[in-house]
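Only a predicted model underlies this, so the values are computations on that prediction, with no experimental measurement involved. Counting starts at 1 for both ligands and their atoms, in listed order. Throughout, numbering of the chain's residues begins at 1 and tracks the sequence.
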Amino acid sequence: MCGIVGAVAKRNIVPVLVNGLLRLEYRGYDSAGLVVVHEGKLERVRSAGRVAELGQKSANTSGEVGIAHTRWATHGKPSERNAHPHMSRELIAVVHNGIIENYEELKAELSAQGYEFTSDTDTEVIAHLIHSHYAQGSLLVATQMALTQLVGAYAIGVIAADNPHLMVAARKGSPLLLGVGEGEHFVGSDMSALLQVTRNVVYLEEGDVVEIKADSFRIFDMAGVRVQRQMHVSELDNDSVELGKYQHYMQKEIHEQPQALANTLESVCNSQSLVPGIFGAEANDIFPHVDNILILACGTSNHAGQVARYWLEEVAGIPCNVEIASEYRYRTSVPNPKTLVVTISQSGETADTLAALNHAKATGHSYTLAICNVPESAIIRQSKLRLLTRAGPEIGVASTKAFTTQLAGLFLLTLVMAKVRGRLDETREQQFLHELRHLPTAMQKVLELEPQIAEIAAHFADKHHALFLGRGMHYPIAAEGALKLKEISYIHAEAYPAGELKHGPLALVDKDMPVVSVAPNDALLEKLKSNLQEVRARGGELFVFADADTHIHSSAGIHILQMPEHAGFLSPILHTAPLQLLAYYVALQKGTDVDKPRNLAKSVTVE
Ligand code: G6P
């Protein structure tokens, strides 16, 4: 979490820093700050509010080198005193994303040396450490020396008051990119922060330290050896990170789903058959040896895994377990070398998922596959196989298009596994490919329900709780709908498999408890209808997202929203969109900050 931007140029870089931070606010938004070197002094501006406020406060600040930060609080509450950059004796300034695990120890040592601490953060020790080494060497060497003392994860930017044309940056465990401009250089936590100035980017590797001037840069690896890293030209365009005609990023991203699905499925849909190679060249050798699948993920990505379990067991006939990444890594499990360990992550940098992946590898799992939206992310790099979802940048904190594209990727895994295991004949393969090709169009039609959904949202605005019901592979979709509603409208929402209703949650149902149900036309429909009657009989108001061919009709207390078409195995993907829209319109009614819900952040790089 936390976003970093830094710049060295021959012009005032404050607007670049502020614009970059605006792009990175999804990573954290409880305070922000920047520092520049101006006339031999560090000039720092911080704000306990949003980046826009920092922009106003720094309108008269200028400098040709500077670093900036938007924060998601870990150590120390959100306040101006804890906002980055942190400084040491008006000489060294640091911004940091990550966690320094041994900061208490270092703080005690530095305090004994006479350093004063003015914040509750772990970051301040980095500034003082660099300061303590600065007298003996350059900013580069002092930073390198300090880094050897740190335990934990970091991406940092460092500047010094007496060095108005130099920045040092480093990363280990947290992402950092180097942007290469003409006669100017930048660093940023992701590409969206740098697009305003350049498309040329170097992905810094684990342990890299880079010394940056306006005209040049030098990269050193963990051992201090100078290295060359490849420069890439980013394919991201500025439109993909602009709001355009939409009111919120979440709304934009919900509407981008047809295109995001088309992009994710492009290579497969253009071919005549499915091959393991879409997951990487080694998949041809690995997949035939796999006898079960373990999916590890957090939050929304975990819900995608839960849907995939139904697909993998039913279509591919392969046993599948899905675990919350943060739980898996701390329990004693029985490793099986024939397990394919699948991590799912939008960002590719979620600390819990990354740690679970490393735990799986350490216990003897060598078959690893990442389904991820960010190329070059840690999870991608550390997995043997990969499938990139091509959802484009997702900025709204509540995940939408990342989820449906993850589902599309997981369905491809299901089909390839089924084929490898001899459970997918040519006719069925062609039929599934046909359905996948149609998926973006089907999603577009579902989005046309938006006005009807906006209307029913009014029923939720004054409610404090909501129940979401689903059955089978739609139960995780109900769970995802409940998660969306609680994340952005702050209404307490829980999901249950509809059959569980009578075993407890029915006690909660009354006229103040709206019940949302996902009702595809599948083998469980009749059972679901009985569960819905149980709700109605207790005065509960029902909101049912029913398939085109289900014969459920609206009546007193039952609001039916008819889906345009029935999609068989792909139905969970399509049933997701109305629930996203429902959460969105309820949040609008409640006037919450849709894209930046309180206390949350998009990529959670701490445990
Ligand atoms: C955070 C986000 C969620 C996301 C989860 C996992 O909690 O707010 O929206 O689902 O992290 O993130 P990942 O990037 O690993 O999918």
Compare all side-chain heavy atoms of Glu323 with those of Arg331 and state whether any distance is below 4.5 angstrom. yes

When you look for heavy atoms under 4.0 Å from ligand 1, do you find them on the side chain of Ala402, its backbone, both, or neither? neither

Among protein heavy atoms, which lies nearest atom 7 (O) of ligand 1, and at what distance? Val604 CG2, 3.8 Å

Thr353, any N or O under 3.5 Å of ligand 1 N or O: no

Subset of ligand 1 atoms that lie under 4.0 Å from at least one heavy atom of Ser345: 13 (P), 14 (O), 15 (O), 16 (O)

Quick one: which of Thr400, Val446, Ile453, Leu561 gives a side-chain contact (heavy atoms from CB on, under 4.5 Å) with Leu581? Ile453

What atoms in ligand 1 come closer than 4.0 Å to a heavy atom of Cys298? 6 (C), 10 (O)

As a test of understanding, state which of Val342, Ile278, Ile318 forms a side-chain contact (heavy atoms from CB on, under 4.5 Å) with Leu413. Val342

Verify the distance criterion only: is there a donor paired with an acceptor across the side chains of Glu450 and Tyr585 at less than 3.5 Å? yes

Which heavy atom of the protein is the closest neighbour of atom 12 (O) of ligand 1, given with residue, atom name and distance? Thr350 OG1, 3.3 Å

Applying salt bridge (charged side-chain N to carboxylate O under 4.0 Å, His left out), which residue pairs with at least one partner in residues 464-484 are found, sequence neighbours left out? Glu480-Lys484, Lys484-Glu487

Measuring from non-hydrogen atoms of Leu600 to any atom of ligand 1, is the shortest distance under 4.0 Å? no

Is the closest heavy atom of Ala601 to ligand 1 under 4.0 Å? yes

Tightest non-hydrogen contact, residues Pro597 and Val397, listed as CD-CB, 3.7 Å

The closest protein heavy-atom partner of atom 4 (C) of ligand 1 is Thr300 N, 4.3 Å

Using a strict cut-off of 4.0 Å, indicate which atoms of ligand 1 neighbour a heavy atom of Val397. 8 (O), 9 (O)

Residues Arg23 and Glu242 bridged, charged N to O under 4.0 Å: yes

At what distance is the nearest protein heavy atom to atom 11 (O) of ligand 1, and which residue and atom is it? Lys602 O, 3.7 Å

With a 4.0 Å cut-off, would you call Glu349 and Arg27 a salt bridge? yes

